[in-house]
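Following: one structure in structure tokens, then a few remarks.
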Amino acid sequence: MNFFEYRDGEMHVENIKVSMIADKVGTPFYLYSSASLEYQYNQFKDAFGDLDLLICYAVKANTNQAVIKTLGSLGAGADVVSEGEMRRAIKAGISPQKIVYSGVAKTVAEMTYALKKGIFQFNVESEPELYQLSEVATALGKVADITFRVNPDVDAKTHAKISTGKSENKFGIPWKNIHQICAKAAKLSGIKLVGLDLHIGSQITDLAPFEEAFTRVGNLVETLREEGHDITRLDLGGGIGISYDGENDNPILSHDYAKMVKRVVGHLQCQIIIEPGRFLVGNAGILVSKVVYVKEGAERSFLIIDAAMNDLIRPSMYDAYHAIDPVIENKDAKVAYDIVGPVCETGDTFAKGRIINPLKKDQLIVIRSVGAYGAVMASTYNTRRLIPEVLVKTNEFAVVRPRPSYEDIIGLDQLPSWLSE
Ligand SMILES: *Cc1c(COP(=O)(O)O)cnc(C)c1O
């Protein structure tokens, strides 16, 4: 389902014209659709029927309170990777009893915070972390429910920077060490081993690597039970890919994913936890920008827009493709542009040789599928202000993160005594 559609040649989000919001908010800005978030969450959840399932939205994909709250109110828990994310999730109304804590470098301070809040589960990634957590929990008079993140050594066949389930990656506990570490965990006073978890990578567009990994981990659950461990939870991670071509013909359908999960691990009678991030929010957001100049270079035409790599790093960091469309369609023959931002780096390029409607100075343009890993990865590089985030609900919109003032960002610097005279 696409919630950013043309009506009479003009792009709308739900029932509102994108151009109307641009007039009020100013460009560039992120624009999210509540209906898209709700649709994506509900059809994913419904696909699992009555399976004992907790969907923990991986909030790192989009940590705006309004986005977390929209999903939380539908029943989602949260997967967090830092104390900051856990604070955001709680503030957005998610119960700590629905929060799982992932990440390779949880600190004592983070463990303490999470335990005091009564977190549902830690996904432990190493032996030193296990001992540290047991120590912290024991000192607080608590017992931490944990799963071990296993590294199933499967190739997720995605971009190298977001592949996490190969034995060469820093994530998870090596397959051969699992039995040993589970035996060690069973002896620790601050730890209760309740399950296993895995997360093999992001933007995975084929079911096969998931099935391979889930099968391996499912077998491991059975072996560990034979060894006397009471395994009651299985956390399958996130990583489900989306389409970036503007058509929303998602490469993996909820229905097929759910069917596979039930077939491969359904018989284990575990509570299943899934941590989708991108899948829930990726196509719920667009980036609205404006043409600053159309520049005819020696060899190519450049569309220079007011959004830049600091607002959306995915094209330069992951060579990511994003569909790019004008807000108002025109009937002129399409032309090829390199679509670039104002930042002083050649990497500040959203697309090369992209064929779209010809555009003029001051016309609006949108980059699609930016709801995940867009605003959260933004920076103020080139002393550009973070751009607003706007959420639409049917006929209404609200700015859910305003554009800071220049004073807000420049004023953060402090001069040392020897320079302030
Ligand atoms: C990043 C991450 C996710 C979410 O990944 P998506 O590809 O956005 O679904 C889930 N679990 C863990 C442990 C992660 O690191």
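Atom set for the values below is all heavy atoms of this structure, side chains included, hydrogens, waters and symmetry mates excluded. Read the numbers this way: they start at 1 and go in the same order the structure lists the ligands and their atoms. Treat the numbers as computed from the prediction; the structure is a model and nothing was measured. Note that the numbering runs from 1 along the sequence shown for the chain.
- None of Tyr41, Phe44, Tyr57 except one satisfies the ring-ring contact (aromatic ring centres under 6.0 Å, His included) rule with Phe279; the exception is Phe44.
- Using a 4.0 Å cut-off between heavy atoms, His199 contacts ligand 1 through its side chain alone, with no backbone atom that close.
- Under the salt bridge (charged side-chain N to carboxylate O under 4.0 Å, His left out) criterion, the residue pairs touching residues 177-201 are Glu127-Lys184, with sequence neighbours excluded.
- Of all atoms in ligand 1, listed by their number and element, those nearer than 4.0 Å to a heavy atom of Ser202 are 6 (P), 7 (O), 8 (O).
- In summary, the atoms of ligand 1 found under 4.0 Å from a heavy atom of Glu275, numbered by their order in the structure, are 3 (C), 4 (C), 9 (O), 10 (C), 11 (N), 12 (C), 13 (C).
- Pairs of residues two or more places apart, or lying in two chains, that qualify as salt bridge (charged side-chain N to carboxylate O under 4.0 Å, His left out) and include a residue from residues 302-328 are Asp311-Arg384, Asp325-Arg368.
- Looking at Gln271 and Thr232, their side chains never come closer than 4.5 Å, going by heavy atoms from C-beta outward.
- Listed by number with element, the atoms of ligand 1 under 4.0 Å from a non-hydrogen atom of Asp79 are 10 (C), 11 (N), 12 (C).
- Closest protein heavy atom to atom 1 (C) of ligand 1: Lys60 NZ, 1.3 Å.
- For Gly239, the closest heavy-atom approach to ligand 1 falls below 4.0 Å.
- Residue Tyr373 has at least one heavy-atom neighbour below 4.0 Å for each of these atoms of ligand 1: 1 (C), 4 (C), 5 (O), 6 (P), 8 (O).
- When only non-hydrogen protein atoms are considered, atom 4 (C) of ligand 1 lies nearest to Ala58 CB, 3.4 Å.
- Near Ser102, meaning under 4.0 Å from one of its heavy atoms, ligand 1 places the atoms 13 (C).
- Within the 4.0 Å heavy-atom criterion, neither part of Thr164 lies near ligand 1.
- Looking at heavy atoms from C-beta onward, Val288 lies out of side-chain contact with Val390 at the 4.5 angstrom threshold.
- Counting atoms of ligand 1 from 1 in the listed order, those under 4.0 Å from a heavy atom of Arg149 are 13 (C).
- Near Arg278, meaning under 4.0 Å from one of its heavy atoms, ligand 1 places the atoms 6 (P), 8 (O), 9 (O).
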For Glu275 and Ser102, what are the C-alpha separation, side-chain angles and deciding distance, and is it a side-chain contact (heavy atoms from CB on, under 4.5 Å)?
CA-CA 10 Å; Glu275 306 167 347; Ser102 301; 3.8 Å; yes

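- Taking the side chain as every heavy atom from C-beta outward, Val327 and Gln363 never approach each other to under 4.5 Å.
- Between atom CD1 of residue Ile304 and atom CD1 of residue Ile339 there is a gap of 12.0 Å, rounded to the nearest 0.5 Å.
- Residue contacts with ligand 1 for Ala61 are absent, since no atom lies close enough (heavy atoms, distance under 4.0 Å).
- Using a 3.5 Å distance cut-off with no hydrogens or angles, the side chains of Asn123 and Gln121 do pair a donor with an acceptor.
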